[in-house]
Q: 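Sharing a structure, written as structure tokens. Questions coming.
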Protein chains: 2
Amino acid sequence: MRKSFTKNPREIKMSEILKEQFEKVIKISDVDFEYILSHFTFKKFRKHQFLIQENQDVIYDYFILSGCVKSYFIDQNGKTHILLFGVKDWWITDYEAYYYQKKAIVNIDCLEDTEVLCLSNENREKLCRELHQIEHFFRKKTNRRNVALQNRILSLLSSNAKERYEQFLREYPELVQKLPKHILASYLGLTRETLSRLYSSK
Amino acid sequence: MRKSFTKNPREIKMSEILKEQFEKVIKISDVDFEYILSHFTFKKFRKHQFLIQENQDVIYDYFILSGCVKSYFIDQNGKTHILLFGVKDWWITDYEAYYYQKKAIVNIDCLEDTEVLCLSNENREKLCRELHQIEHFFRKKTNRRNVALQNRILSLLSSNAKERYEQFLREYPELVQKLPKHILASYLGLTRETLSRLYSSK
DNA sequence: CATATCGCACAAAAAAACTGTGATGTAAAT
DNA sequence: ATTTACATCACAGTTTTTTTGTGCGATATG
């Protein structure tokens with residue numbers, strides 16, 4: 001893993017995506033952006049590698065460039081509960097890792113080879129101190145996630161299998177193609193068999 | 001992951017293996033051994049999960065019960081160098097993790113579903129303090145590894161592909177069957193193609 | 001008792017990983 | 001300058017693993 005953000009064509013494209021994201025929230029100069037970028041590391045995770053694992057001390061912020069990750073925890077019965085999926089242009093922040101604070105700890109697991117921009121909390125704090133406005137960017141991202149997650153949990157409780165599946169189909173049509181069905185099933189709180197029957201019996 | 005070492009048949013067998021290992025080095029009573037065992041955790045890793053990863057703060061000692069792990073680092077060119085394989089009855093200690101100290105950091109990666117007994121450094125220190133002789137056990141293990149590793153590096157430098165392969169065949173005949181050839185090749189400092197030709201052309 | 005869903009078992013299909021081999025390149029040794 | 005001892009690239013065949021569909025019985029709930 002390299003420390004500095006050197007410029008090959010792939011990475012130039014990535015930094016452009018990141019800049020676009022930033023600019024939705026704050027206005028920054030090219031020089032400032034260069035500086036921000038220098039705090040990021042480019043990393044690649046292979047399938048089933050953990051971005052964040054329970055009991056991990058060092059937490060990073062990840063900005064997903066490609067691939068797909070899942071955020072989940074395992075309950076007392078050993079069952080996996082997926083909280084959300086991270087796809088392109090999403091931030092994975094320490095919020096995910098500590099959502100259930102002391103009750104349950106969340107793993108972030110890679111679903112497919114995933115490329116990310118990686119920012120350590122240390123660097124993030126440094127950035128926030130030095131470029132005051134940046135803080136706003138990170139906070140906004142996290143709050144937005146917060147609301148989305150709570151909405152989802154509420155809607156999971158109140159609808160049946162078919163409705164949940166159809167809602168997901170509307171929300172993330174591209175993920176339905178991409179995700180292994182057993183993972184999608186887990187996200188919807190179903191078994192893969194039930195999910196399979198949902199769309200084949202119709 | 002459970003904290004306590006409860007007794008199902010599988011785990012009883014494991015603790016016997018561990019005891020055998022201990023008894024090669026030190027004489028301990030059943031009561032002492034029970035106590036030692038209570039500091040261990042039983043863990044299972046799936047293929048390609050990391051036992052130890054670069055930048056990881058918390059390091060554990062692992063005693064491998066089944067499966068196979070590789071210890072490696074990635075150089076500046078992105079090339080993977082395998083230092084050693086861990087197989088049944090081996091200890092993976094923090095020595096591996098810090099072999100190259102500040103120059104390069106070593107990952108320990110699982111090759112196949114691997115079962116281990118896990119001992120945190122914290123627990124290890126506690127054990128060493130409380131049961132004075134245990135320290136000797138751990139130190140001996142680490143030193144033995146140290147010598148083996150240095151020997152290997154020297155022999156890698158001094159022999160050609162065929163010799164290296166034949167030496168490995170003598171040392172670990174069972175691993176030759178078990179390991180994917182590209183991993184074996186990497187261990188021998190060859191490409192998988194060269195290795196493939198080594199035994200097919202003969 | 002009907003409905004909704006789970007859980008197990010198994011087989012087919014799809015994807016990924018592994019392996020062998022030819023063609024071609026390269027650097028050091030003779 | 002040729003040979004030796006590999007590496008690198010490309011590709012295809014094989015093996016293994018993962019994913020998926022579906023029958024059948026279990027379970028839980030209104």
Side-chain angles (χ1 to χ4, degrees), chain A residues 44-49 66-70 74-82 85 109-114 155-169 174-202, chain B residues 44-49 67-70 72 75-82 85 109-114 155-169 175-202:
Chain A
K44 218 168 173 171
F45 289 85
R46 62 176 293 174
K47 219 166 164 175
H48 290 126
Q49 222 179 313
S66 74
C68 176
V69 301
K70 69 171 190 234
I74 296 171
D75 66 17
Q76 305 92 319
N77 309 318
K79 218 189 140 186
T80 298
H81 298 267
I82 298 179
F85 295 113
D109 184 12
C110 207
L111 286 177
E112 42 181 292
D113 291 4
T114 295
S155 79
L156 256 189
L157 289 172
S158 64
S159 52
N160 67 15
K162 194 163 182 176
E163 284 166 12
R164 280 182 244 168
Y165 170 65
E166 281 168 358
Q167 190 187 326
F168 189 86
L169 203 58
E174 77 291 354
L175 275 188
V176 174
Q177 308 299 323
K178 220 160 122 181
L179 289 176
K181 296 289 175 290
H182 68 269
I183 289 178
L184 174 54
S186 165
Y187 178 76
L188 296 171
L190 304 169
T191 57
R192 61 180 191 79
E193 294 95 333
T194 304
L195 177 62
S196 169
R197 282 170 192 125
L198 259 188
Y199 51 74
S200 63
S201 74
K202 192 170 51 172
Chain B
K44 220 168 172 170
F45 289 86
R46 61 176 291 175
K47 221 166 162 174
H48 290 127
Q49 222 179 313
C68 176
V69 301
K70 70 171 189 232
Y72 68 99
D75 66 17
Q76 304 92 320
N77 309 318
K79 219 190 141 187
T80 298
H81 298 267
I82 298 179
F85 294 113
D109 183 13
C110 209
L111 285 179
E112 42 180 293
D113 292 4
T114 296
S155 79
L156 258 188
L157 289 172
S158 64
S159 52
N160 67 15
K162 193 163 182 176
E163 283 166 13
R164 279 182 244 169
Y165 170 65
E166 282 170 357
Q167 191 186 328
F168 188 86
L169 203 58
L175 276 187
V176 174
Q177 308 299 323
K178 221 159 121 181
L179 289 176
K181 296 291 176 289
H182 68 269
I183 289 178
L184 175 54
S186 165
Y187 177 76
L188 296 173
L190 305 169
T191 57
R192 61 182 189 74
E193 295 94 332
T194 303
L195 177 62
S196 168
R197 282 173 190 121
L198 260 189
Y199 51 74
S200 65
S201 74
K202 192 172 51 169

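Nothing here was measured: the structure is a model prediction, and the numbers come from that model. Order of the sequence lines fixes the chain letters, A, B, ..., with proteins taken first and strands second; residue numbering starts at 1 for each chain.
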Q: Take the protein atom NE2 of B:H182 and the nucleotide atom P of C:dG20, then report the distance between them rounded to whole Å.
A: 13 Å
Q: Write down the distance between CD (B:Q177) and C1' (C:dC18), rounded to a whole number of angstrom.
A: 15 Å
Q: Is there side-chain contact between A:F168 and A:L179, with at least one heavy-atom pair below 4.5 Å?
A: yes
Q: Does A:S196 put a side-chain nitrogen or oxygen below 4.0 Å from OP1 or OP2 of D:dT20?
A: no
Q: Enumerate all atom pairs, one protein N or O and one N or O from nucleotides 23-27 of chain C, separated by less than 3.5 Å.
A:
unit_1: C:dA23; atom_1: N6; unit_2: B:R197; atom_2: NH2; d: 3.4

Q: Quick one: is B:T194 getting a side-chain N or O under 4.0 Å of the D:dA5 phosphate, OP1 or OP2?
A: no
Q: Could you check which of C:dT19, C:dC6, D:dT19 has an atom nearest any side-chain atom of A:P180?
A: D:dT19
Q: Which heavy atom in A:A185 sits nearest to a heavy atom in A:L195, and how many Å separate them?
A: N-CD2, 3.6 Å
Q: What's the OH-C1' distance between A:Y199 and D:dT20, to the nearest Å?
A: 7 Å
Q: What I'd like to find out is whether the side chain of B:Y199 reaches to under 4.5 Å of the side chain of B:K181, using heavy atoms alone.
A: yes
Q: Counting heavy atoms from C-beta on, name the nucleotide in D:dG21, D:dC6, C:dT21 closest to the side chain of B:R192.
A: C:dT21
Q: I'd like to know if B:E193 reaches the base of D:dC9 with its side chain, counting only an N/O donor and acceptor under 3.5 Å.
A: yes
Q: Check the distance between C:dA15's C1' and A:L179's CG and give it to me in whole angstrom.
A: 16 Å
Q: What are the two closest heavy atoms between A:I183 and A:I82, and how far apart are they?
A: O-CD1, 3.5 Å
Q: With respect to the phosphate group of D:dT22, does any side-chain polar atom (N or O) of A:S200 fall under 4.0 Å of OP1 or OP2?
A: yes
Q: Nearest whole angstrom, please: distance from the P of C:dT21 to the CG of B:L198.
A: 13 Å
Q: Starting at CD of B:E163 and ending at C1' of D:dA5, how long is that distance when rounded to a whole Å?
A: 12 Å
Q: Would you say the side chain of A:E166 lies within less than 4.5 Å of the side chain of A:K162, judging by non-hydrogen atoms?
A: yes
Q: Closest approach of B:G189 and B:R164, non-hydrogen atoms and distance?
A: O-NH1, 3.7 Å
Q: What is the distance, rounded to the nearest whole Å, between atom CG of A:L190 and atom P of D:dG21?
A: 14 Å
Q: Is there side-chain contact between A:Y165 and A:L169, with heavy atoms separated by less than 4.5 Å?
A: yes
Q: Which whole-number value in Å describes the distance from A:I183 CD1 to D:dT18 C1'?
A: 11 Å
